[in-house]
Engineer: 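Below are the structure tokens for one structure; questions will follow.
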Amino acid sequence: MCGIVGYVGPRQAPAIILQGLKRLEYRGYDSAGIAALEENGRFAIRRDAGKLSNLETLLQSSPLEGHAGIGHTRWATHGKPNQRNAHPHLSMNGRVVIVHNGIVENFLELREELEAEGVTFASDTDTEVIVQMVERYIESGLEMETAVRQTLKQLRGANAVVIMGLDRPNELFCARLGNAGGIALGLGDNEMFLASDIPAILEHTRRMIFLENRQMAHLTPTSYRIMDLDGQTIPPDIHTIAWDPVSAAKGEFKHFMQKEIFEQPRSIVDTLRGRVDFENGRVHLPEMNLTPELAQRINKLYITACGTSFYSGLAGKFMIENLARIPTEVTYASEFRYYDPIIDEDTAVLAITQSGETADTLAASEQAKAEGATLWSIVNAFGSQSMRISHGYIPMQAGPEIGVASTKAFTTSLVDQYLLACALSDLRGTISRRKLRQLVDDLAQLPDLAGRVLDHDAEYEELANQFFKVHNFLYLGRGINYPIAREGALKLKEISYIHAEGYPAGEMKHGPIALIDETMPVIAIATKDHLYEKMISQIQQAKARGGTVIAVATEGDAAIANEADHVIYVPEAPPLLAPIINVIPLQLFSYHVAVRRGADVDQPRNLAKSVTVE
Ligand code: AGP
């Protein structure tokens with residue numbers, strides 16, 4: 001959840017770290033801070049509650065200098081989000097400083113032990129036990145690296161830390177324990193970087209190493225060493241990242257979310273590139289490691305994910321069952337562990353995750369793998385844990401997604417599931433060659449269709465101007481558009497704080513219809529498909545109860561204007577691809593509502609982009 005950045009090298013560390021933190025603020029914005037080793041050989045810290053802008057102001061009035069430093073943006077777990085609990089945390093005698101992401105589950109017990117030894121604590125955080133323990137070990141005579149390792153071995157829970165000590169000036173130690181979010185090491189020329197996510201350091205280097213569970217690293221300006229917690233050196237696996245730094249910046253857009261919505265035609269193109277053979281009507285997913293034997297053997301699929309990725313899975317189920325004929329169950333990753341899913345070696349589990357580091361999704365994935373399932377994933381963050389633990393994966397190609405509300409990763413993951421359904425059905429022989437060719441041909445028009453929806457942005461803004469004061473919304477859809485109703489409602493909730501429910505339209509009469517009156521607008525996804533007539537009847541039912549209806553309808557459907565109060569027209573898309581198009585106006589509607597309400601679109605309250613705690 002929290003964001004971490006570190007630097008060691010000839011340049012001024014605070015400026016580089018602040019810049020990196022700006023790219024990570026989506027991970028947490030309760031407080032922020034930077035520590036640097038100053039010329040006088042002491043650590044200096046600047047930190048403040050609230051957003052990064054507060055820290056930036058503080059740094060202007062009270063600058064910080066140094067060639068090694070660490071920084072942090074916080075999503076509070078232990079201790080209030082105030083200045084006292086902001087990271088970095090300094091040890092009692094000022095010899096060690098730390099930034100941390102995760103939860104030290106045994107911190108109470110460790111804190112009691114330290115207090116009994118006379119250590120006084122300056123914060124309410126679980127983090128502080130780590131830095132005090134390292135200092136205690138150093139003062140008892142251990143060398144810094146050993147002190148860090150000794151400390152790490154005693155921590156329970158999922159944690160990522162970066163530590164600096166006066167005994168080893170201009171050096172950084174970092175470690176990853178469990179699934180508290182990754183640490184990417186950036187290898188520069190005579191300088192080293194680290195961060196919890198790639199965009200923070202991408203402008204400096206593309207050569208990166210990702211720490212695995214229970215690995216630590218030691219960085220100096222000119223060297224790096226990866227090791228286990230016993231100090232055994234581990235050969236590095238260096239990746240070259242293809243993302244460009246420009247795509248991680250806001251550019252001409254007011255918000256990252258807006259930029260990312262508008263990037264969707266491009267991210268769809270990137271998703272298709274190299275995977276879809278339009279000439280021969282085939283799909284290639286090399287990283288999935290699919291074989292005809294495996295594809296035919298799988299007789300059950302679980303899709304597991306959280307939030308928006310879960311809704312993507314709900315729509316993906318239609319694609320996979322319809323084409324590949326594999327019975328598919330979609331489960332919340334946060335529940336997966338607790339209901340004893342029936343898994344054997346013929347079961348596949350598909351995890352969908354933008355960040356690749358959502359703790360619940362990783363836990364579900366690890367459990368599935370341990371129980372013998374074939375683990376697949378659709379992941380955006382390259383090199384993330386989810387990608388690394390999977391037997392096969394599809395890299396999303398959405399590019400960096402910074403806005404906390406997920407948009408382009410949603411549509412990209414839908415395209416990926418469509419590709420997976422095509423590849424599986426080809427290998428399983430569940431559809432004809434002709435049908436496969438048609439499915440592949442249909443993809444060619446997708447980027448253009450998405451672009452055509454975006455052209456109508458002004459209309460969605462106008463609609464948002466009319467509805468931004470409303471307190472409740474109901475979103476309805478059927479079939480493959482039911483998950484789109486849920487995703488549309490989630491987008492509105494997250495960024496505008498308006499209560500919204502996404503419902504399968506046919507369920508309305510079993511309860512939610514009681515909510516409908518003139519204060520409760522209904523957004524009904526009623527594009528032309530085999531459920532169109534049924535959606536029209538649902539719209540009529542809502543209208544009969546005094547509801548105001550906004551319909552998402554297919555271009556050319558003049559008749560629907562007689563049923564609904566407002567119509568959002570979208571271009572006609574093939575049925576399995578329609579959700580990708582239908583969700584875009586809902587994303588933009590939510591965006592404009594949030595802007596009109598003056599909400600913080602990219603950093604909605606209480607949320608963080610990567611949820612690395614259970
Ligand atoms: C999306 O708008 C949300 N912020 C959230 O629901 C998100 O989709 C969820 O936390 C899952 O994240 P992941 O895809 O990175 O695993």
Side-chain angles (χ1 to χ4, degrees), residues 1 3 24-29 75 179-182 196-199 255-258 260-261 264 267 303-316 330-336 349-366 377-387 389-390 393-396 398-414 416-417 483-484 486-497 500 502 583-584 586-588 590-591 594 599-614:
M1 318 278 281
L24 291 187
E25 203 183 5
Y26 62 87
R27 296 176 71 94
Y29 27 86
W75 189 83
N179 296 326
S196 11
D197 214 349
I198 298 171
H255 299 98
F256 278 111
M257 182 187 180
Q258 184 191 26
E260 288 156 6
I261 292 172
Q264 289 175 110
S267 61
I303 300 180
T304 192
C306 300
T308 287
S309 295
F310 172 81
Y311 298 140
S312 170
L314 284 182
V330 189
T331 71
Y332 282 114
S334 52
E335 291 295 319
F336 190 85
V349 172
L350 170 65
I352 304 174
T353 168
Q354 186 287 130
S355 61
E357 59 176 22
T358 300
D360 287 321
T361 309
L362 288 174
S365 304
E366 276 161 0
S377 59
I378 295 177
V379 192
N380 195 35
F382 188 85
S384 60
Q385 179 77 348
S386 183
M387 197 177 264
I389 62 174
S390 299
Y393 61 88
I394 307 180
M396 267 187 210
E401 191 180 68
I402 309 293
V404 167
S406 184
T407 52
K408 62 176 179 171
F410 178 72
T411 46
T412 310
S413 65
L414 287 174
D416 285 324
Q417 288 175 93
I484 300 309
R486 292 192 64 183
E487 171 59 7
L490 179 66
K491 285 288 89 77
L492 193 70
K493 281 190 263 226
E494 292 193 282
I495 58 169
S496 68
Y497 319 137
V583 76
I584 297 175
L586 305 186
Q587 296 170 339
L588 280 168
S590 302
Y591 170 75
D600 191 339
V601 172
D602 284 332
Q603 295 170 354
R605 69 184 181 205
N606 305 339
L607 297 180
K609 183 73 178 162
S610 304
V611 185
T612 56
V613 294
E614 190 186 339

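Just follow the structure's listing: the first ligand is 1, and inside any ligand the first atom is 1. Keep in mind the model is a prediction, meaning the values are calculated, not measured.
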Engineer: Could you pull out all residues at least two apart from Glu260 that satisfy salt bridge (Lys or Arg N to Asp or Glu O under 4.0 Å)?
Structural biologist: none

Engineer: Going by the rule side chain to side chain donor-acceptor pair (under 3.5 Å), which residues pair with Ser496 if we only count those two or more places apart in sequence or in a different chain?
Structural biologist: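 Not a single residue meets the side chain to side chain donor-acceptor pair (under 3.5 Å) criterion with Ser496.
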
Engineer: To the nearest 0.1 Å, how far is atom 11 (C) of ligand 1 from its closest protein heavy atom, and which atom is that?
Structural biologist: Cys306 O, 3.3 Å

Engineer: What heavy-atom pair brings Phe382 and Ile198 nearest, and what distance separates the two atoms?
Structural biologist: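 In this case the closest contact between Phe382 and Ile198 is O-CD1, 3.6 Å.
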
Engineer: With heavy atoms under 4.0 Å as the rule, classify the contact between Lys491 and ligand 1 as side chain, backbone, both or neither.
Structural biologist: side chain

Engineer: Check Leu588, Thr308, Leu586 against Lys491 for a side chain to side chain contact (heavy atoms under 4.5 Å, CB included) and give me the one that passes.
Structural biologist: Thr308

Engineer: Students should be able to answer this: which protein heavy-atom is nearest to atom 10 (O) of ligand 1, and at what distance?
Structural biologist: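 Here the closest protein heavy atom is Val611 CG2, 4.0 Å.
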
Engineer: Taking both backbone and side-chain atoms of Gly356, is any N or O found less than 3.5 Å from an N or O belonging to ligand 1?
Structural biologist: no

Engineer: Starting from atom 8 (O) of ligand 1, what is the nearest protein heavy atom, named by residue and atom, and what distance separates them?
Structural biologist: Thr308 N, 3.1 Å

Engineer: Taking only heavy atoms of Ser355 into account, list the atoms of ligand 1 that are under 4.0 Å away from them.
Structural biologist: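 Result: 13 (P), 15 (O), 16 (O).
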
Engineer: Looking only at N/O atoms, are Ser406 and ligand 1 under 3.5 Å apart anywhere?
Structural biologist: yes

Engineer: Atom 3 (C) of ligand 1: which protein heavy atom is closest, and how many Å away?
Structural biologist: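 Ranked first by proximity to atom 3 (C) of ligand 1 is Glu494 OE2, 3.1 Å.
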
Engineer: So among Thr407, Thr412, Thr411, which one has a side chain to side chain donor-acceptor pair (under 3.5 Å) with Gln264?
Structural biologist: Thr411

Engineer: Distance to 0.1 Å, residue and atom name: give those for the protein heavy atom nearest to atom 12 (O) of ligand 1.
Structural biologist: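 The answer is Thr358 OG1, 3.5 Å.
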
Engineer: Give the atoms of ligand 1, by number and element, whose distance to some non-hydrogen atom of Ala405 is under 4.0 Å.
Structural biologist: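 Contacts of ligand 1 toward Ala405, numbered from 1: 2 (O).
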
Engineer: Indicate yes or no for a side-chain donor-acceptor contact from Asn380 to the backbone of Ala398 under 3.5 Å, with no hydrogens or angles considered.
Structural biologist: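 Here the side-chain-to-backbone pair exists.
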
Engineer: Could you walk me through whether Glu487 and Leu490 pass side-chain contact (heavy atoms from CB on, under 4.5 Å), step by step?
Structural biologist: CA-CA 5 Å; Glu487 171 59 7; Leu490 179 66; 3.9 Å; yes

